[in-house]
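One structure below.
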Amino acid sequence: MTLKLAIAQLNFVVGDLAGNARKIVDAARQAHAQGARLLLTPELSIAGYAAEDLFLRPAFTEACDDAVKGIAAALADLKDMVVVVGHPTGGSLRSRSVAVQMRYNAASVIKEGRILETYAKRELPNYQVFDERRYFTPGQGTCVFEAGGVSVGVLICEDAWFDEPAELAHAAGAEVLAVINASPYHVGKEGERVARMADRARAVGLPLVYAHLVGGQDEVVFDGASFALQADGALAMQAESFKESLVFMQLERSPQGVGVVAAPSAIAAPREAEAQLWDALVLGVRDYIGKNGFPGAILGLSGGIDSALVLAVAVDALGKDKVRAVMMPSPYTADISWIDAREMATRLDVRYDEISIKHTFESFKGALAEEFKGLPEDTAEENIQARIRGTLLMALSNKFGSIVLTTGNKSEMATGYCTLYGDMAGGFAVIKDLLKTTVFALARWRNAHDPYGTGASPIPDRIITRPPSAELRPDQTDQDSLPPYDILDGILARYMQDDEGIDEIIAAGYERAVVERVARLIKINEYKRRQAPVGIRVTHRSFGKDWRYPITSKFNETAGAQKP
């Protein structure tokens, strides 16, 4: 007995039910023509993931049900072809004060025009970016179906991270586990997935096929890298990450049971973390701009490291013709800044313009002269410069339609080293989840690699080696206001990303005064982050759906601060 199986590792669009259905039908026909008799699609592939509060609209889930029926009808002529489709189904009882969910994150098994079975996800994640208990109720049953003489047990994503769903499928006669998924990317996630699924395969003694989504959806990115494991957890097949593909393998029965058969070349070569991180940023930009219909992108190019990295990502994502860079020198802009900005724009061959803000800045100061009379210049004047730049970029965006890409990084977002309605003004925050030290590391990586063929060494070396500066006052550097980035980022990684306490971080070797200062900066700048544009999530804890702290709060973690 041999069953050829295919995985549709596809990039779906939330709410484009007709387009998503067409992709599934096309994939099924292509797979059938190549001899496959089972096709797996990702979790919630009909709806797109995550559809968020669209799930609460009865019209949406009803339309999803209709789309599944439409797929069944469209594939009625494919003899012996079984397709597993992920979709939401059901509804809820709702009032203005109460909601009782009767909606499921489901997978339907389709064959020759009929929906044979529908399985409801049992384990609903409610951590990090996941909020599935808001939308769904847990399923109770199992689903084991036959395809080409093989008994296949269906699980949906989180189900496979727990013991019971797989054990129940095994007890119901499954010879292989088919796991459909929408698991957002973060650095290191791919290896973690494979390791946990290998544990699951070994625990039940069954091979496991993991079908995964690819693409960007608002702040999350899905990396694909679908795979198949033998019953002993050995990797038998792995698709390339961050690419749409239709991947195939064989399931063969022997006296020892069902096993996965694939060519050695079916296992994609391992890739370094920086390469995957770069792909995540590129895909996040490309899909956000493409799926939302923007004609291109515009950004302020300052001659500093952050905007340089964003420009390189944008060109790799969109191509040089859809990216525009604007340099806006102020009285404090160093010559090397505009020289390096011009040089980088030339290397990447993008449209580059210079709009001086010197006279505008003087006009603002003149308008405020009476109010500011007798007071020294401080952050008020610094922020005026940033807000002038933000206004100019947004004006260009309004006039020409291109979205403004902001250039702030995670270290700045954490500590408030950014200006509301200034450098925070824009539509999409490309490096919002990159600590400053990661920005430097990724810039060096991109200069050593040209993964999309848009130009080698796009970032002038001086941009990487010079001390970072906002250039809003004479001889300013970031370290005038912040701890050194290696120290700051170490504290942020522990406090913000890993939820370590202040005393734990101090015990790890950081100075108490610095740790307490950083914690205070994170707390008092929550109001800024609430007004920041959405940005790409690439760590397990980002400022976005992962981070939900009150703006108004008197909690102080400093030792002894809570004593009455």
Side-chain angles (χ1 to χ4, degrees), residues 1-12 20-43 45-46 68 70-87 107-117 119 143-156 169 174-181 197 206-214 224-231 235-240 243-254 257-268:
M1 184 288 309
T2 300
L3 169 64
K4 190 170 186 179
L5 180 152
I7 295 174
Q9 181 174 291
L10 299 177
N11 188 342
F12 297 102
N20 296 341
R22 280 195 302 272
K23 280 197 165 193
I24 293 169
V25 169
D26 291 346
R29 291 195 170 279
Q30 183 180 343
H32 188 267
Q34 296 186 48
R37 292 300 178 263
L38 173 60
L39 175 72
L40 304 179
T41 72
E43 178 181 10
S45 52
I46 284 292
V68 175
I71 290 173
L75 299 177
D77 62 316
L78 298 188
K79 184 172 176 54
D80 297 326
M81 185 66 176
V82 180
V83 180
V84 178
V85 177
H87 63 98
S108 284
V109 181
I110 295 171
K111 182 178 182 182
E112 297 177 359
R114 295 185 300 126
I115 298 174
L116 302 182
E117 295 188 59
Y119 170 79
C143 178
V144 177
F145 65 91
E146 186 270 336
V150 177
S151 293
V152 182
V154 176
L155 303 177
I156 301 178
E175 298 175 282
V176 61
L177 298 178
V179 187
I180 67 170
N181 303 271
M197 293 305 101
L206 296 178
L208 183 150
V209 181
Y210 190 100
H212 192 215
L213 186 64
V214 67
S226 302
F227 58 89
L229 304 170
Q230 304 290 10
L235 188 64
M237 184 284 299
Q238 184 156 39
E240 288 190 76
K243 293 180 180 178
E244 284 192 293
S245 58
L246 186 63
V247 293
F248 296 88
M249 71 207 74
Q250 303 274 109
L251 297 178
E252 294 189 357
R253 182 182 287 116
S254 70
V258 172
V260 180
V261 178
S265 60
I267 300 178

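Start at 1 with the first residue, then count along the sequence. Owing to the predicted nature of the structure, the values given are computational and were not obtained by experimental measurement.
Residue Ile180 comes nearest to Ala107 through the heavy atom pair CD1-CB, 3.8 Å, listed as atom of the first residue, atom of the second, then distance. Scanning both residues, Arg114 and Ala72, for their nearest heavy atoms gives N-CB, 4.4 Å. Here the shortest heavy-atom pairing between Leu39 and Ala27 reads CD2-C, 4.1 Å. Listed here is the closest heavy atom pair of Ala169 and Gly153: CB-CA, 4.4 Å. The two residues Leu75 and Arg29 come nearest to each other via the heavy atoms CD2-CG, 4.2 Å. Taking every heavy atom of both residues into account, Leu246 and Ala6 meet most closely at CD1-CB, 4.2 Å.
Within the 3.5 Å criterion, the main-chain N or O of Gln34 finds a donor-acceptor partner in the side chain of Lys4. Listed for the Arg253 side chain is a donor-acceptor partner under 3.5 Å among the backbone atoms of Gly149. Side chain of His32 to main chain of Asp80: no donor-acceptor pair is present (N/O by atom type, distance under 3.5 Å, no hydrogens or angles). Put simply, the side chain of Gln230 never gets that close to the backbone of Ala236: no donor and acceptor are under 3.5 Å apart. With hydrogens and angles ignored, the 3.5 Å screen pairs no side-chain donor or acceptor of Glu43 with any backbone N or O of Ser45. Judged by distance alone, with hydrogens and angles left aside, the side-chain atoms of Thr41 form a donor-acceptor pair with the main-chain N or O of Val84 at under 3.5 Å. A donor-acceptor contact shorter than 3.5 Å is absent between the side chain of Thr2 and the backbone of Glu252.
Between atom CG of residue Leu213 and atom CD of residue Glu244 there is a gap of 9.5 Å, rounded to the nearest 0.5 Å. Interatomic distance, CG of Leu235 versus CD1 of Ile267, reported as 4.5 Å (0.5 Å rounding). For the atom pair Leu40 CG and Tyr210 OH, the distance stands at 13.0 Å (nearest 0.5 Å). Met249 contributes atom CE, which lies 10.0 Å from atom CG of Leu3 (distance to the nearest 0.5 angstrom). Note that the CG atom of Leu251 and the CZ atom of Arg37 stand 14.0 Å from one another [nearest 0.5 Å]. Distance CD1/Ile71 to CD1/Ile46: 3.5 Å, rounded to 0.5 Å.
The shortest side-chain heavy-atom distance between Val247 and Met237 falls under the 4.5 Å cut-off. The shortest side-chain heavy-atom distance between Phe145 and Lys111 does not fall under the 4.5 Å cut-off. Glu146 has its side chain out of reach of Val109: every pair of non-hydrogen atoms, C-beta onward, lies at least 4.5 Å apart. Side-chain contact check for Glu117 versus Val154: every heavy-atom pair is 4.5 Å or farther apart.
Screening Val150, Leu206, Leu208 against Val176 for a side chain to side chain contact (heavy atoms under 4.5 Å, CB included) leaves a single residue, Val150. With respect to Ser226, the side chain to side chain donor-acceptor pair (under 3.5 Å) criterion is satisfied by exactly one of Gln238, Glu240, Gln9: Gln9. A side chain to side chain contact (heavy atoms under 4.5 Å, CB included) with Ile110 is found for one member of Ile24, Leu78, Ile115, Val82 and no other, namely Ile115.
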